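Scroll down for the structure; my scribbles are underneath it.
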Amino acid sequence: MPEKKQDVFNDKMRRYNFTAVEKKWQTIWEEEEAFETKADYSMPKFYALVEFPYPSGQGLHLGHPRPYTALDIVARKRRLEGYNVLFPMGWDAFGLPTENYAIAQGIHPAIVTKENIAHFKEQLHSIGYSFNWSREVDTTDPGYYKWTQWIFLMLFRHGLAYKKEFPINFCPSCKVGLANEEVVDGKCERCGAEVTRKVKNQWMLRITDYAQRLLDDLETVDFVERVKVSQANWIGRSEGADISFPIENTSAQLNVYTTRPDTIYGATYMAIAPEHPLIDEYIADIKNSGEVLEYRSLSQNKSDFERTEMAQSKTGVKLDGLLAYNPISEELIPIYATDYVLMTYGTGAIMAVPAHDERDYEFAKKYGIPIREVISGGDISEAAYTQMQGSVCINSPLIDGLSADEGKEKMIEILEERKIGQRKVNFKLRDWVFSRQRYWGEPIPLIYCEDCGWVEVPESELPLQLPAVDNYRQTDDGDSPLSLMPEWYNTTCPKCGKPAVRETDTMPQWAGSSWYFLRYTDPRNESALAGKEALAYWMNVDWYNGGMEHTTLHLLYSRFWHKFLFDLGIVDTPEPYAKRTSHGMILGTDNQKMSKSRGNVINPDEVIGEYGADTLRMFEMFVGDFEKTAPWNADSVKGCKRFIDRVYAMQDFLVSGDGYSDELAGLMHSLIKKVSYDFENLKFNTAIAAMMKAANEIYKAGSITRGELRDFLILLNPVAPHVTEEIWQEAGYAGRLYEAKWPEYDESKLSENYIEIPIQINGKVRAKANVPADASEEDVALIVRENEAVTSYIEGKAIEKEVYVAGRIYSFVLKQ
RNA sequence: GCGGAUAUGGCGGAAUUGGCAGACGCACCAGACUUAGGAUCUGGCGCCCAAAAGCAUGGAGGUUCGAGUCCUCUUAUCCGCACCA
């Protein structure tokens with residue numbers, strides 16, 4: 001050991017060349033297949049999953065490494081704990097940017113994709129992740145999308161895929177259909193033209209059939225609360241009743257859905273969507289039909305954006321000549337067409353209760369419709385009163401005096417008895433629009449035959465490959481480029497053999513990512529999406545981390561597909577993911593989202609070049625609470641680099657001894673406990689802080705035993721795998737660090753013999769006392785009284801109360 | 001508008017879930033070692049103050065021996081969804 005500690009750090013300071021060292025270990029790990037899964041299915045397994053990236057042309061940005069490093073830490077820890085770990089990576093490579101690049105440059109998207117993947121892969125390698133590269137998947141690989149298509153066929157065969165007219169966003173200037181994310185403020189992202197709606201015949205998936213199960217099973221999984229809440233809100237279950245209102249002087253009934261049957265006496269008008277078929281049916285009876293039809297076409301031409309823009313002020317038009325009959329209040333009430341009622345939810349018609357619904361209130365005020373209070377508790381001259389809790393039904397002869405909740409139940413019973421309505425559950429969740437009029441996606445494996453209708457492409461012909469095209473652009477009508485290729489789409493009907501045509505739409509980007517976690521379990525299987533045994537062993541995903549932005553799309557879609565495959569008996573579990581966590585975004589140094597246009601993007605390659613991969617990994621974890629957004633701070637990165645250098649230099653005070661020294665034993669045991677706990681609970685920042693603090697203590701102590709350094713290196717290894725592996729080798733420990741065993745701590749050795757407890761007098765800390773850790777309350781009371789500061793405070797004053805919280809605090813309350 | 005979060009030093013952030021507010025890091029200050037320092041080591045560092053005391057977790061109240069943490073009200077910011085009957 002050197003005489004003076006600082007001597008070590010002058011010219012003699014031990015340093016290492018992180019670039020060379022990191023490269024060295026990455027090569028060794030690869031050669032030794034250090035992180036590959038074991039074929040031994042008797043081992044306990046752990047499946048860690050991060051969302052596979054879209055390989056964009058820009059390469060990785062600083063946001064990518066945050067979740068990857070987090071689960072890499074967990075995966076590495078699990079391996080050290082003796083688990084067989086599956087930690088795969090792949091590419092969600094179908095998508096718009098690549099396609100747009102292809103359109104602009106005329107280069108086949110497959111070629112661009114290949115280049116981008118190579119770049120991404122190299123970057124990921126340079127960060128030292130322990131991914132199972134032998135299991136890499138690529139959604140654009142025909143060997144992969146064969147099974148995406150196969151799952152679609154199964155959905156079709158089981159009646160979960162159907163075709164329907166559906167409006168899409170269309171840019172009249174670019175003449176292309178746009179995804180929602182390409183529409184910014186109602187304008188085309190590229191050319192800025194106003195986006196309109198265009199009705200297309202689209203494939204839809206019946207995710208709504210699974211709405212109840214998708215909601216119920218949230219109870220069975222360990223997802224962070226905010227994810228569960230968003231999914232539940234998105235599914236949007238509500239309970240109410242369908243009720244029929246006869247139309248006077250006709251045989252028609254107007255069916256409505258309401259969650260508030262208890263307010264039916266307050267229904268003073270009916271409101272229907274402008275598209276509602278009632279208008280067409282009784283157009284002859286509507287005196288102002290011209291006005292009504294004009295209103296309809298006006299609202300139909302509005303884009304979604306305009307419609308929400310207009311939400312400020314409600315508009316509508318009364319159907320002159322038609323009146324509805326309220327079957328409970330036995331009154332005749334007017335009917336309005338208005339676009340605040342949506343054709344796509346419920347029945348497209350509502351009973352409007354202005355007194356107890358804010359929208360109806362606003363509408364009734366504007367059009368001078370009576371507002372009748374039927375639930376007490378509010379002031380309806382001011383605003384609609386919508387509370388149910390603690391409210392009582394009034395002006396409602398059949399349910400007067402009941403609470404709103406009871407009134408609702410009672411009214412549903414009455415409606416069912418009289419056969420004018422029934423209990424009904426509704427969901428906000430819509431079916432999934434599954435076709436895209438694009439090139440760069442999985443072709444939908446269906447054929448249309450004049451005689452047989454839609455017919456499956458035979459399974460033996462899968463994958464149905466994307467053909468080479470001359471032009472990747474949509475037609476002026478917004479159809480897929482495949483629709484310009486008669487040589488591809490003309491075929492024969494697999495059923496009857498007559499001439500028939502292929503579907504030219506492709507699948508959305510969400511398709512490939514809806515089941516990729518299954519493919520990782522057995523990625524090269526050619527006869528099934530994955531082998532039974534592999535699925536049984538590896539599923540469920542034990543821990544899945546991903547962005548909040550995928551909560552209501554990818555996460556819900558993949559749960560849906562998984563449940564469908566479960567129903568078919570292909571997978572054994574009703575849910576794919578046992579646990580889901582979410583990371584916060586990394587912002588630029590200006591506290592803004594990193595983006596090319598803001599010019600605040602930092603490339604991870606720069607950080608690796610200047611400080612090394614271990615430092616990048618550590619800082620990504622140290623920057624703040626994993627679940628919160630955090631701004632990148634280029635200066636703070638240095639702190640992590642310094643710490644790593646200090647750890648490297650610890651070898652200079654290495655002394656013999658496989659165990660812990662008396663001086664550091666308590667520190668080591670509590671460090672093992674802290675780090676083990678924090679790594680499991682997304683508290684990477686405090687785990688690193690604890691290791692930094694421990695390093696400071698070790699420097700103060702001036703020596704470290706071989707046993708202490710060994711365990712310290714193992715704890716730090718998941719965060720900084722290269723440097724720890726290097727020290728392991730240089731210091732002469734046996735074997736590889738990646739094969740070491742995660743240390744255990746001894747609870748009895750955590751605490752010191754003596755502990756310092758603060759003494760409060762009237763709520764303020766005035767003194768501290770050292771007491772034996774195992775002292776009784778009586779003992780502590782005596783020790784505390786010996787303290788001079790305490791005696792000076794309590795002398796001559798009456799003690800009103802004394803509180804001792806064992807090991808924490810001693811508190812006196814004095815009479816003032 | 002609805003839903004979800006967040007607010008703590010100059011900065012990023014800690015706080016065993018009601019028990020010493022500011023761990024750890026950055027920046028800064030002083031000293032050491034240096035031909036040199038964008039290296040390293042040692043120490044300091046919430047505000048106010050000579051010190052003692054006092055004041056401090058967006059703001060205002062409250063509960064408690066004790067509140068960043070619990071309750072009520074309020075302000076600001078961020079994210080998601082947009083008339084879901």
Side-chain angles (χ1 to χ4, degrees), chain A residues 4-13 15 225-227 229-230 232-234 236 238 240 256-260 263 271 304-305 307-312 314 338-342 344-353 356-360 362-363 426-430 548-549 551-552 584-585 587 591 619 622-625 627-640 642-643 645-646 649 674 677 683 685-696 699-700 756-768 800-803 805 807-814:
Chain A
K4 279 191 291 174
K5 273 170 271 174
Q6 60 260 41
D7 290 350
V8 175
F9 286 95
N10 295 335
D11 299 328
K12 284 177 281 176
M13 182 181 168
R15 294 201 166 268
E225 199 54 30
R226 55 189 176 141
V227 169
V229 169
S230 316
N233 288 342
W234 188 262
S238 68
V256 303
Y257 171 72
T258 178
T259 55
R260 296 295 302 275
T263 64
D304 284 343
F305 178 71
R307 230 168 139 147
T308 49
E309 275 284 273
M310 308 295 276
Q312 270 65 337
K314 306 214 176 333
T338 167
D339 63 8
Y340 85 83
V341 176
L342 309 175
T344 50
Y345 184 76
T347 62
I350 61 165
M351 63 172 213
V353 184
H356 307 292
D357 181 281
E358 281 165 29
R359 296 150 304 182
D360 300 346
E362 187 193 327
F363 192 85
N426 256 327
F427 296 92
K428 287 187 201 173
L429 185 68
R430 299 280 71 119
M548 277 307 284
E549 69 274 21
T551 301
T552 49
M585 227 183 337
L587 304 175
N591 235 312
F619 188 67
F622 186 64
V623 67
D625 186 327
E627 299 190 82
K628 291 187 196 150
T629 56
W632 186 260
N633 184 331
D635 277 341
S636 282
V637 180
K638 280 187 233 169
C640 292
R642 275 182 202 148
F643 168 59
D645 284 339
R646 278 160 71 84
K674 170 93 179 144
Y677 177 85
K683 300 180 86 137
N685 53 339
T686 51
I688 293 166
M691 289 189 275
M692 288 173 167
K693 192 176 182 176
N696 293 342
Y699 269 72
K700 273 196 194 112
E756 187 185 64
I757 61 160
I759 302 164
Q760 271 189 355
I761 291 160
N762 287 342
K764 288 209 169 12
V765 175
R766 299 295 187 183
K768 289 173 186 182
E800 202 165 85
K801 195 171 175 183
E802 286 178 67
V803 180
V805 182
R808 293 249 186 274
I809 200 161
Y810 201 96
S811 181
F812 286 97
V813 185
L814 303 179

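Worth saying up front: this structure is predicted, and the values here are computed from it rather than measured. Throughout, protein chains are lettered first and strands after them, A, B, ... in sequence-line order, and every chain is numbered starting at 1. No hydrogens, no waters, no symmetry mates; every other heavy atom, side chains included, goes into these values.
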All N/O contacts under 3.5 Å from nucleotides 9-12 of chain B to the protein, with atom names and distances to one decimal?
{"residue": "rG12(B)", "atom": "O2'", "partner": "Val623(A)", "partner atom": "O", "Å": "2.8"}

From the candidates rA85(B), rC81(B), rC24(B), the one with an atom nearest any side-chain atom of Lys428(A) is rA85(B)
Sugar-phosphate only, base, or nothing, as touched by Asp625(A) at under 4.0 Å among non-hydrogen atoms: sugar-phosphate
Just N and O in the side chain of Asn696(A): are any of them under 4.0 Å from OP1 or OP2 of rG25(B)? yes
How about Glu358(A): does its CD atom have over 12 heavy atoms from other parts shown lying under 6.0 Å from it? no
Contact class for Lys638(A) vs. all strands (heavy atom < 4.0 Å): base, sugar-phosphate, or nothing? sugar-phosphate
Would you mind classifying the nucleic acid contact of Lys693(A) as base, sugar-phosphate or nothing, using non-hydrogen atoms under 4.0 angstrom? sugar-phosphate
Dot-bracket notation for RNA chain B is requested: 5' to 3', Watson-Crick or G-U wobble pairs only, both distances under 3.5 Å, with ( ), [ ], | and . as defined. (((((((..(((......[....))).(((((.......))))).((......))..(((((..]....))))))))))))....
Do any side-chain nitrogens or oxygens of Lys683(A) fall under 4.0 Å of OP1 or OP2 in rA15(B)? yes
Under 4.0 Å from OP1 or OP2 of rA14(B): is there any side-chain N or O of Asn685(A) that close? yes
By nearest nucleotide on RNA chain B, pick out whichever of Lys768(A) and Val229(A) is the more 5' one. Val229(A)
When you measure from the side chain of Tyr340(A) to the backbone of Ala271(A), do you find a donor-acceptor pair of N or O atoms at a distance under 3.5 Å? no
Look for any protein N or O under 3.5 Å of an N or O in nucleotides 64-66 of chain B and output each such pair with its distance, or none.
{"residue": "rC65(B)", "atom": "OP1", "partner": "Lys801(A)", "partner atom": "NZ", "Å": "3.1"}
{"residue": "rC65(B)", "atom": "O2", "partner": "Ser811(A)", "partner atom": "OG", "Å": "2.9"}

Using a 4.0 Å heavy-atom cut-off across all strands, classify Thr552(A) as base, sugar-phosphate, or nothing. nothing
